[in-house]
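See structure below.
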There are 2 protein chains.
Amino acid sequence: MTLDDLKHAQRQRLLFLDRCFTWRGVARRRDLADRFGISIAQAANDFRAYLSLITQNAPEYDAHLKAYVASPDHQPIAPSSMLDVFGVLDTASDDALPAALPRAKRWLDPHVATVLHDAISKQQKIRIVYTSMNSGETAPQWVAPTRFIFDGESIHFRAYSYKRGEYRNFHPARINPEDEFQIDELDTPLPFDMEWHSVSTIWLRPSARLTSSQASVVRREFGFNGDLLRIEIRQALEFYFDRRWGLNEPGARLEKVKTETTLSQGN
Amino acid sequence: MTLDDLKHAQRQRLLFLDRCFTWRGVARRRDLADRFGISIAQAANDFRAYLSLITQNAPEYDAHLKAYVASPDHQPIAPSSMLDVFGVLDTASDDALPAALPRAKRWLDPHVATVLHDAISKQQKIRIVYTSMNSGETAPQWVAPTRFIFDGESIHFRAYSYKRGEYRNFHPARINPEDEFQIDELDTPLPFDMEWHSVSTIWLRPSARLTSSQASVVRREFGFNGDLLRIEIRQALEFYFDRRWGLNEPGARLEKVKTETTLSQGN
DNA sequence: TTGTTCCGTATATTTTTTATACGTATACTT
DNA sequence: AAGTATACGTATAAAAAATATACGGAACAA
């Protein structure tokens, strides 16, 4: 019996339960019932299913707390993103202000998204009216979009630029949404996107100006024990990575030691 | 018949379907079957349920495309976060590198999280060994945690600091996880957290140094048409907001016009 | 002691989902 | 032109999931 044998809905519930144990340390049937709108009886089922998956360091019922308590050596059955973790730790009250920053504020035009998605799935080129943030000028150009990209904040896309003769990252908001969006088939296959299919391996260390206890905090925050933190990322996304992690800012807590780039295996 | 009448699992499926129509512009039964592991028959059910919810500008079947196509005036039945949108637009291939930045790299010690969660739910104070990033010094102090906070990247927490005599935001990674974490009941009730219960209304405009076409791109990107973008946020989170949106950086595309703070209603 | 709130288990019933079959329309291949 | 494949639709019986309900135990508070 593994997670994969379960239906999607129950798998989601067991994953939630797993996060409760990992991050809260405790879980009750009511947690499941409230979050997923299932009955207490079904939640009891899910607890049984979860416990049958855990062979070592399983959570145990604590009659005093009236709750299951995770073992101190609890091992999660699946990793969780910070957003997942927050979803478990946040004690949101009814319709008050949230305890998280507003995330949905970035905007994407549904029509632009649809046109791009279409061009990607049909492998077509389209004419977009694009405003450069460097020069500030707005001009039409033909591009062949290949993938959407997410930098954690907003959505970008990768496309072959016929104007530049190379692949570039584009920002949908810089496309004029009022345009007609001419579409055309590719007359020649697109060239290979080297930057996309290359992996940059980036080694980082706590910034040299930090004290040793500050440096160990940085290691803790980014989850590495040795000297260096190793990150693997598509070379085409390295710019977004640097910006998002604030590596080039004056107060940066991490600094790059070296970057190695190799052509990725497979896709 | 509304979304709320449905079970959680089916509601999730209809929301996914809604995002397909909104952002991709098309949807097939196979999309649902693949994403949620349901049968084609059940996916057909879901389509019927979805279409019964949509009264105006409903998607229609296109026999040529062999897919449902959203009406050009499609109105989503629920808002979606950028992460949700990306989840629909990304054409992830098998186990290749993702097209999104690594998000799970920030780390949180499960034991520290558990201790904090406990103190919050039981309303206790705890002794933490905390490293200041300003002074770099590490010292024990008593705090009474009240809520977890999410800045979009990592998780922080709000707590009353007995050392400072005021509420502050803390970063879990700066707590020494090896500590024993002494716990104690509150001897007096905590004071009112004014900054937490106040709303800052922030008005932003495109940075003055931008050209007018660049400024309209910025308006498009942040989804406002008028002169000013208005953001409401807990006053206690304003620091994170500024940092996350890069408002104080040299190249900032938005600048603050004014900030008004009022005591929040209710919670 | 009594009442409450957690936990557990078990059963019958209801709801959801699947498996399957059959029909229609479009597009592609032979 | 005929055949094949793949979308869509509907319908029904069977299987699986979830609910309602009942009963019992442990801890705790009034």
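We name chains A, B, ... by the order of the sequence lines, and we start the count at 1 in each one.
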Please state how far atom [atom1] in [X] lies from atom [atom2] in [N], giving the value in whole angstrom units.
X      : N       : atom1 : atom2 : answer
K7(A)  : dA18(D) : NZ    : P     : 10 Å
D62(B) : dG9(D)  : CG    : P     : 13 Å
L6(B)  : dA18(D) : CG    : P     : 15 Å

(request) Determine yes or no for a side-chain-to-main-chain donor-acceptor pair under 3.5 angstrom, with R220(B) supplying the side chain and I175(A) the backbone. (result)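 Yes, because the side chain of R220(B) sits within donor-acceptor range (under 3.5 Å) of the backbone of I175(A).
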(request) Report yes or no: does N169(A) contribute a side-chain atom to a donor-acceptor pair with the main-chain N or O of A236(A) at less than 3.5 Å? (result)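 Judged by distance alone, yes, a pair lies under 3.5 Å.
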(request) State whether Y160(B) and K125(B) meet the cation-pi test: NZ (Lys) or CZ (Arg) under 6.0 Å from the six-membered ring centroid, and within 45° of the perpendicular axis. (result)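 Ring-cation test returns no.
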(message) Can you confirm whether L237(B) sits close enough to W196(B) that some side-chain heavy atom of one is under 4.5 Å from a side-chain heavy atom of the other?
(response)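 L237(B) vs W196(B): side chains touch.
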OP1 or OP2 of [N] sitting under 4.0 Å from any side-chain N/O of [X]?
X      : N       : result
R13(B) : dT16(C) : no
R29(B) : dC8(D)  : yes
Y61(B) : dT6(D)  : no

(message) By the 4.0 Å heavy-atom rule, please label Y68(A) as base, sugar-phosphate, or nothing.
(response)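 Result for Y68(A) = sugar-phosphate.
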(message) Please enumerate all residues that pass side-chain hydrogen bond (donor to acceptor under 3.5 Å, both in side chains) together with Q124(B), with sequence neighbours excluded.
(response)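 Q124(B) satisfies side-chain hydrogen bond (donor to acceptor under 3.5 Å, both in side chains) with E185(B) only.
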(request) Using a cut-off of strictly less than 4.0 Å between a heavy atom of the residue and any atom of DNA chain C, enumerate the qualifying residues of residues 30-37 of chain B by number. (result)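 The answer is G37(B).
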(request) For H64(A) and for A67(B), locate the closest nucleotide of DNA chain D by heavy-atom distance; then report the residue assigned to the nucleotide nearer the 5' terminus. (result)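 Taking each residue's closest nucleotide, the earlier one in sequence belongs to A67(B).
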(request) Please determine which of Y167(B), F170(B), F150(B) meets the ring-ring contact (aromatic ring centres under 6.0 Å, His included) test together with F157(B). (result)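 Filter result, single survivor: F170(B).
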